[in-house]
Amino acid sequence: MQEKYWRYMVQIKAWIFYLDLYEESSYKWNRRINVFSAVVSSTSIAAWAIWQQFSLLWSIIIAISQVLNAIKVYLPYNIRLKLIASFMEDLKYLYNKMEYNWLKVSNGELTEEEINELLYTFKNEYTGIENKNMKEEILLDNENFKKEADQKTDFYFENNF
């Protein structure tokens with residue numbers, strides 16, 4: 001039962017790293033869109049006067065900027081930022097509770113039945129966290145994030161346990 005508890009604790013930590021990478025990527029895309037829109041909006045009048053020979057190109061860029069501004073609240077990056085932040089906060093709290101109890105589990109202070117109860121409690125808490133924060137399917141599997149999250153997880157446990 002100790003091994004089962006350990007694997008679940010590692011899985012939660014890996015999920016935290018994975019979500020952190022997803023959040024960082026979403027933040028970067030959201031920032032890129034905002035910067036593009038801001039640059040186009042603030043330079044459109046000056047550029048229009050200077051680049052009259054490229055007026056068609058510039059009007060296309062302005063149109064793209066306006067469309068992006070109109071739809072950006074519906075883009076997955078913007079939605080992900082809100083949901084992932086809350087999800088990660090709750091998961092970190094859950095992980096901390098699991099890590100705190102790991103000493104009792106690893107030292108054999110708990111019976112198999114007590115470890116099973118503790119694990120069951122944490123799995124139920126995880127389900128509640130997931131239901132609260134991830135009502136919509138907004139995360140597509142990302143193999144690069146998985147690989148990097150696994151590396152961070154390995155590094156974390158090698159250096160902390």
Side-chain angles (χ1 to χ4, degrees), residues 1-41 61 64-161:
M1 194 49 69
Q2 272 186 353
E3 181 65 27
K4 194 173 182 180
Y5 185 97
W6 174 259
R7 283 194 312 264
Y8 193 67
M9 189 172 79
V10 170
Q11 182 182 348
I12 295 296
K13 191 63 172 178
W15 188 223
I16 290 168
F17 284 128
Y18 181 78
L19 289 172
D20 187 50
L21 292 166
Y22 234 118
E23 183 181 40
E24 183 179 325
S25 173
S26 296
Y27 177 76
K28 286 177 182 176
W29 275 106
N30 198 47
R31 186 177 56 212
R32 287 176 190 137
I33 290 168
N34 288 339
V35 166
F36 174 76
S37 295
V39 167
V40 170
S41 295
I61 292 172
I64 291 170
S65 172
Q66 294 302 313
V67 169
L68 276 176
N69 273 333
I71 67 169
K72 85 176 177 183
V73 295
Y74 303 107
L75 293 175
Y77 313 109
N78 200 35
I79 296 166
R80 283 183 196 142
L81 283 173
K82 295 173 188 169
L83 296 177
I84 291 175
S86 176
F87 192 18
M88 278 183 43
E89 185 178 312
D90 291 342
L91 273 184
K92 286 177 182 179
Y93 181 69
L94 173 64
Y95 175 79
N96 287 342
K97 289 194 301 187
M98 291 186 78
E99 188 176 292
Y100 174 79
N101 282 287
W102 172 244
L103 184 61
K104 290 186 246 178
V105 171
S106 66
N107 284 341
E109 296 174 26
L110 303 175
T111 66
E112 294 287 307
E113 188 176 315
E114 290 171 325
I115 295 170
N116 189 49
E117 278 295 318
L118 195 56
L119 187 55
Y120 177 77
T121 300
F122 290 139
K123 285 183 176 186
N124 277 342
E125 191 171 335
Y126 173 80
T127 301
I129 290 168
E130 188 176 43
N131 288 338
K132 174 184 141 193
N133 294 292
M134 302 300 268
K135 294 177 183 163
E136 299 175 28
E137 184 66 37
I138 61 158
L139 299 179
L140 302 174
D141 280 345
N142 187 311
E143 287 302 317
N144 292 332
F145 292 170
K146 283 181 184 177
K147 288 176 188 172
E148 191 172 343
D150 287 343
Q151 290 171 351
K152 287 182 174 195
T153 302
D154 291 343
F155 182 78
Y156 177 84
F157 283 100
E158 286 170 9
N159 290 301
N160 291 293
F161 289 92

**Student:** Between the main-chain N or O of Leu140 and the side-chain N or O of Tyr22, is there a donor-acceptor pair closer than 3.5 Å?
**Tutor:**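 Judged by distance alone, yes, a pair lies under 3.5 Å.
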
**Student:** Are Lys92 and Tyr95 packed together at the side-chain level, in the sense that at least one heavy-atom pair is separated by less than 4.5 angstrom?
**Tutor:**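 Lys92 does not reach Tyr95 side chain to side chain.
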
**Student:** Report the distance from atom CD of Glu130 to atom CH2 of Trp15, rounding to the nearest 0.5 Å.
**Tutor:**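 The distance works out to 7.0 Å.
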
**Student:** When you look at NZ of Lys152, are more than 12 heavy atoms from neighbouring residues, nucleotides or ligands closer to it than 6.0 Å?
**Tutor:**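 Buried by this count: over 12 neighbours within 6.0 Å.
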
**Student:** Locate the shortest heavy-atom distance separating Asn133 from Leu83; write the atom from each residue and the value.
**Tutor:**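 So the two residues come closest at O-CD2, 3.5 Å.
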
**Student:** For Phe17, is the NZ or CZ atom of Lys13 found under 6.0 angstrom from the centre of its six-membered ring and inside 45 degrees of the ring axis?
**Tutor:**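 Positive - Lys13 is close enough to the ring of Phe17 and near enough to its axis.
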
**Student:** Listing request: all salt bridge (Lys or Arg N to Asp or Glu O under 4.0 Å) pairs with a residue in residues 113-126, at least two apart in sequence or in separate chains.
**Tutor:**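 Qualifying pairs, neighbours excluded: Lys97-Glu125.
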
**Student:** Just wondering, are more than 12 heavy atoms of other shown residues or ligands nearer than 6.0 Å to CD in Glu109?
**Tutor:**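 Enclosed.
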
**Student:** Taking only residues two or more places apart in sequence, or in another chain, which ones meet Gln2 in a side-chain hydrogen bond (donor to acceptor under 3.5 Å, both in side chains)?
**Tutor:**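 Gln2: no side-chain hydrogen bond (donor to acceptor under 3.5 Å, both in side chains) contacts found.
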
**Student:** Do Val105 and Trp102 have side-chain heavy atoms sitting under 4.5 Å apart?
**Tutor:**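 In contact.
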
**Student:** Look up atom NZ in Lys104 and atom CG in Leu110, then write down how far apart they are to the nearest 0.5 Å.
**Tutor:**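 Atom-to-atom, Lys104:NZ and Leu110:CG are 6.5 Å apart.
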
**Student:** Would you say that Arg32 contacts Phe36 through its side chain, given a criterion of any heavy-atom pair below 4.5 Å between the two side chains?
**Tutor:**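 A side-chain contact is absent here, since even the closest heavy-atom pair is not under 4.5 Å.
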
**Student:** Please tell me if the side chains of Phe87 and Glu23 come closer than 4.5 Å, counting only heavy atoms from C-beta onward.
**Tutor:**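 No - every pair of side-chain heavy atoms lies 4.5 Å or more apart.
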
**Student:** Which heavy atom of Tyr18 sits nearest to which heavy atom of Ala149, and what is that distance?
**Tutor:**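 Looking at all heavy atoms of both residues, the closest pair is N-CB, 3.6 Å.
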
**Student:** Tyr126 and Phe122: ring pair (Phe, Tyr, Trp, His ring centres under 6.0 Å), yes or no, with the steps?
**Tutor:** CA-CA 6 Å; Tyr126 173 80; Phe122 290 139; over 10 Å; no

**Student:** Is Glu143 salt-bridged to Lys147, cutoff N-O under 4.0 Å?
**Tutor:**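 Salt bridge: no.
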
**Student:** For Leu91 and Ile16, which heavy atoms make the closest approach, and how far apart are they?
**Tutor:**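 Heavy atoms only, the tightest pair is O-CD1, 3.7 Å.
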
**Student:** Answer yes or no: does atom CZ of Phe155 have more than 12 heavy-atom neighbours from other residues, nucleotides or ligands under 6.0 Å?
**Tutor:**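 Not more than 12 within 6.0 Å, no.
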
**Student:** Take atom NZ of Lys4 as the centre, draw a 6.0 Å sphere, and report whether it contains more than 12 heavy atoms from other residues, nucleotides or ligands.
**Tutor:**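 No, NZ of Lys4 has 12 or fewer neighbouring heavy atoms, counting only those of other groups under 6.0 Å.
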
**Student:** Is it the case that more than 12 heavy atoms not belonging to Phe161 sit under 6.0 Å from its CZ atom?
**Tutor:**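 Correct, the count exceeds 12.
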
**Student:** Is the backbone of Met98 close enough, under 3.5 Å, to the side chain of Tyr5 for a donor and an acceptor to pair up by distance?
**Tutor:**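 Confirmed, Tyr5 side chain pairs with Met98 backbone.
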
**Student:** What heavy-atom pair brings Met88 and Asp20 nearest, and what distance separates the two atoms?
**Tutor:**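 Minimum heavy-atom contact is SD-N, 3.4 Å.
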
**Student:** Would you say Asn30's side chain and Ser26's backbone share a donor-acceptor pair under 3.5 angstrom?
**Tutor:**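 No, Asn30 side chain to Ser26 backbone: no donor-acceptor pair under 3.5 Å.
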
**Student:** Please check: side-chain N/O of Tyr156 versus main-chain N/O of Ala14, any donor-acceptor pairing under 3.5 Å?
**Tutor:**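 Looks like no, no N/O pair under 3.5 Å.
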
